[in-house]
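Because the structure is predicted, anything quoted here is derived from the model rather than measured. Just the heavy atoms: all of them, side chains too, but no hydrogens, waters or symmetry mates, feed the values below. Below, read A as the first sequence line, B as the second, and so on, with proteins coming before strands; counting in each chain starts at 1.
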Number of protein chains: 2
Amino acid sequence: MSTAKATLKDVAERAGVSSATISRALNDPDKVAADTRAKINAAILELGYTPNFGARVLASNRTGTVGAVIPTLSNAIFASGVQAFQEVLDENGITLLIATTDFDPEKELYQVRQLLAHGAAGLLLVGADRPWTTLDFIEKHGVPHVLGWCAHADSDQTCVGFDNAAAAYDATQRVLMQGHRRIAMISGECASNDRAQARLDGVRRAISDHGRGAALLSVTEAKYLLQMGAEAFVTAYSTRPHPTAIICGNDVLAAGAMIQAREMGLDIPGDISIVGFDDIGLARAVHPGLTTVRVPQSEMGRQAAEQLLAKISGETPPPNPELQTEFIMRGTLAPPKQDIGLR
Amino acid sequence: MSTAKATLKDVAERAGVSSATISRALNDPDKVAADTRAKINAAILELGYTPNFGARVLASNRTGTVGAVIPTLSNAIFASGVQAFQEVLDENGITLLIATTDFDPEKELYQVRQLLAHGAAGLLLVGADRPWTTLDFIEKHGVPHVLGWCAHADSDQTCVGFDNAAAAYDATQRVLMQGHRRIAMISGECASNDRAQARLDGVRRAISDHGRGAALLSVTEAKYLLQMGAEAFVTAYSTRPHPTAIICGNDVLAAGAMIQAREMGLDIPGDISIVGFDDIGLARAVHPGLTTVRVPQSEMGRQAAEQLLAKISGETPPPNPELQTEFIMRGTLAPPKQDIGLR
DNA sequence: AGAGCCAATGTAAGCGCTTACATTGATCTC
DNA sequence: GAGATCAATGTAAGCGCTTACATTGGCTCT
């Protein structure tokens, strides 16, 4: 075995054919006669040949990669979406480049640059809220992209996600239907986060649409961490009169709130109802089970991949799929004590 | 603006220098005079030039990517490790290629091939249990790798992780010290999973080393899903006499077990103690808090990246770091009722 | 049997960059 | 002030593939 890496030419000599034929055998096997192919395969095996990635990319102008730029893998909602995204790419022989932003729009632009510089043939981004420069840059590159975790009926962008505002509106209605009137929200940080913003908007709108004394007593923004949810609960609960229900921007915040509520000797849902968002594994694990909104994470990742692949191969992608969320009633939501029977 | 993408040559003409100088300005700026650099930058901006990835790779033989092949992103323990891994790579200007195996060793080999074919300069793999062919293949490629989530004092491999067996041994000792003698284990599936195997071994050994009537009543293997943990609990609890403590292969299984225990009207930890492993967010969110073993997920990802980068740049990497686990006492472990005071 | 066709293969021109080596002035040294 | 030194830049040879186009020879068709 030689030290130098085998090249196409080496394989060609060994197999007694031209390098073009080798290339064809590799990229488009049925253009090559079966027996030639056999010889070639033998030669490849003997030489331990692996195509040179750079040369292949340079000559063909295809990298076989797409990129995903997401806030963080540490949040299950992104991790499992990306997981599904990757699975579909994999089925199509595409490899995934990944970069994270920690919710920073500038870092997102930076990462987009990175991935495009690495030859990503398409891009998955999270949400629709970003400086116009970012999308501009992507478009100048002529690389298609899809936006995940959001839905925008108005926009001409390809969005694969669900209507966060509508889902939050719906969830809030359920809370109101239980009889709650004094509601607080623990929201994710809304700056540069249209999903958090939309959820907050949905809650706001549902409450004001409802009227009849329903009020959003407070909105506390917090980072998506258990500890932050706990701290935010203190603030959210501190109004007089207390809220009877707290709607949280996601399940992690909700779980944090639950911990703190229990800490403060409050019964859930007796003294305070809590509603989450996302339905990650956590929601079923806590006790009582967390009432929340299920979002189709995997389905979203899958469809995002399909849309992106379609765009890459130049097909007009199917119209934005509308993914449905589902309100999941568990134990943390119940009618408020003091209002029972008052209707 | 022309339709065709600008190349180095275009920029060179525009800036009135040779293409070599542009290349240098890009890759090794202080080899170029400041004013020349300024002209070049202007030209680049005007033309919207981006280097061609393939050409760069072909000419320089460097892709600036590293690959990670992991079981799944859906499990927080991998997701947050990879997150940290990616952050360090990012600081070093390296981009991450990601592929998942769903715990299938054959798929792992396939993904390793994929990533190497995409020019990964280094590889992160999970655990040490795999067919020799896989590592053989990697070595033939001359690409360095590190194994994460495991520790192997004996091996010549670079492992970045913790001693799962020792951590399990220690946790089991704590359980024994609380007075438990009838212990059951809900283990992850051990086939092709040395981490699960090691944890099981640690539990086994601790119990047999202890003697004095301590017994491992049963071992139930289950996939790492909440639901599977719940189902496994039924089996694990069904022995007569019942176990007084159940040690779980990870926190997800433990949380599933907790759900089922509550379902069956059992008090935790009054009727049954439960211990988890990993200390993911879930462990603090459940009630009572899950007693578990904290593993330094992020630290591991970080160090794995550092080791890998060191190997890639040809340095002799620092010796395998020994990462410490920590037993986290929370509410799900307490002395067994019937043994209180009996010593 | 000759024209026409087609599948299989060969020929060779790049793809756009990096980098070893060559060149050029300017600055320094004694 | 001549030679040495050095920073800055230019020249040009690839890197290892893909692919448009050319060639070949065996078939079919009439």
Next on the checklist: Distance alone, cut at 3.5 Å: any donor-acceptor contact between the side chains of B/His118 and A/Thr65?
Outcome noted: no

Next on the checklist: Check the phosphate of C/dT18 against B/Ser60, side-chain N and O only, distance under 4.0 Å to OP1 or OP2. Yes or no?
Outcome noted: no

Next on the checklist: With side chain to side chain donor-acceptor pair (under 3.5 Å) as the rule and sequence neighbours excluded, what pairs involving residues 75-88 of chain A come up?
Outcome noted: A/Ser80-A/Gln297, A/Gln83-A/Glu87, A/Gln83-B/Thr72, A/Gln83-B/Thr100, A/Gln86-B/Thr100

Checklist outcome for this item: When B/Ile22 and A/Val17 are each assigned the nearest nucleotide of DNA chain C, the 5'-most assignment goes to A/Val17

Checklist entry - Which part of the nucleic acid, if any, lies within contact of B/Ala20, taking any heavy atom under 4.0 Å across all strands shown: a base, the sugar-phosphate backbone alone, or nothing? => result base

Item to check | Euclidean distance, atom CG of residue A/Asp28 to atom P of D/dT19 [Å, nearest integer] | outcome: 9 Å

Next on the checklist: What's B/Val57 touching, base or sugar-phosphate or nothing? Going by heavy atoms closer than 4.0 Å.
Outcome noted: nothing

Checklist entry - Should the heavy atoms of other residues, nucleotides or ligands under 6.0 Å from CD of B/Gln157 be counted, would the total exceed 12? => result yes

Next on the checklist: Please list, in numerical order, the residues of residues 113-122 of chain B that have a heavy atom closer than 4.0 Å to any atom of DNA chain D.
Outcome noted: none

Checklist entry - Between C/dA7 atom P and A/Asp30 atom CG, what is the distance in whole Å? => result 12 Å

Checklist entry - B/Ala55 side chain: which of D/dC17, C/dC17, C/dT9 is closest? => result C/dC17

Next on the checklist: Test your reading of the model: is there a side-chain donor-acceptor pair from A/Asp102 to the backbone of A/Asp104, 3.5 Å cut-off?
Outcome noted: no

Next on the checklist: Using a 4.0 Å heavy-atom cut-off, does A/Tyr49 contact any base of the nucleic acid, only the sugar-phosphate backbone, or nothing at all?
Outcome noted: sugar-phosphate

Item to check | Gap between atom CG of A/Asn52 and atom CG of B/Asn61 - 0.5 Å precision | outcome: 6.5 Å

Checklist entry - Looking at residues 34-43 of chain B, who's got a heavy atom less than 4.0 Å off DNA chain C? => result none

Checklist outcome for this item: Among the nucleotides D/dA8, C/dG10, C/dG14, whichever has the atom closest to the side chain of A/Ala59 is C/dG14

Checklist entry - Which whole-number value in Å describes the distance from B/Leu58 CG to C/dG16 P? => result 12 Å

Item to check | Exam field: side chain A/Arg130 to backbone A/Gly127, donor-acceptor pair closer than 3.5 Å | outcome: yes

Next on the checklist: Quick one about A/His145 and A/Glu139 (side-chain donor to acceptor, distance below 3.5 Å, no hydrogens or angles considered), yes or no?
Outcome noted: no

Next on the checklist: Check for me whether the distance between the ring centres of A/Phe162 and A/Trp149 falls short of 6.0 Å.
Outcome noted: no

Item to check | Short side-chain N/O contact to D/dT18 OP1/OP2 from A/Arg56, under 4.0 Å | outcome: yes

Checklist entry - Heavy atoms under 4.0 Å, any strand shown: does A/Asn61 hit a base, just sugar-phosphate, or nothing? => result nothing

Next on the checklist: In whole Å, I'd like the distance from the NZ atom of B/Lys31 to the P atom of D/dT9.
Outcome noted: 13 Å

Next on the checklist: If you apply the rule side chain to side chain contact (heavy atoms under 4.5 Å, CB included), what do you find for B/Ile138 with B/Leu123, and how did you get there?
Outcome noted: CA-CA 9 Å; B/Ile138 296 174; B/Leu123 241 32; 3.9 Å; yes

Checklist entry - Reckon A/Asn52 has a side-chain N or O less than 4.0 Å from the OP1 or OP2 of D/dC15? => result no

Checklist entry - What is the distance, rounded to the nearest whole Å, between atom CZ of B/Arg24 and atom P of D/dT11? => result 11 Å

Item to check | B/Lys9 NZ - C/dT18 P separation (whole Å) | outcome: 15 Å

Checklist entry - Expressed in angstrom and rounded to an integer, what is the separation of B/Glu13 atom CD from D/dT11 atom P? => result 12 Å

Checklist entry - Using a cut-off of 4.0 Å on non-hydrogen atoms, how would the nucleic acid contact of A/Ser23 be classed: base, sugar-phosphate, or nothing? => result base

Checklist entry - Within the pair A/Arg62 and D/dT19, is there a side-chain N or O less than 4.0 Å away from OP1 or OP2? => result yes

Next on the checklist: Please determine whether a side-chain nitrogen or oxygen atom of A/Thr7 lies at a distance below 4.0 Å from atom OP1 or OP2 of D/dG16.
Outcome noted: no

Next on the checklist: For the residue pair B/Asp90 / A/Gln111, report whether a side-chain donor-acceptor contact shorter than 3.5 Å exists.
Outcome noted: yes

Item to check | Intermediate values then yes/no, side chain to side chain donor-acceptor pair (under 3.5 Å), B/Gln307 and B/Gln303 | outcome: CA-CA 6 Å; B/Gln307 293 265 337; B/Gln303 297 216 19; 5.3 Å; no

Checklist entry - Can you tell me how far P of C/dT19 sits from CG of B/Leu26, to the nearest Å? => result 12 Å

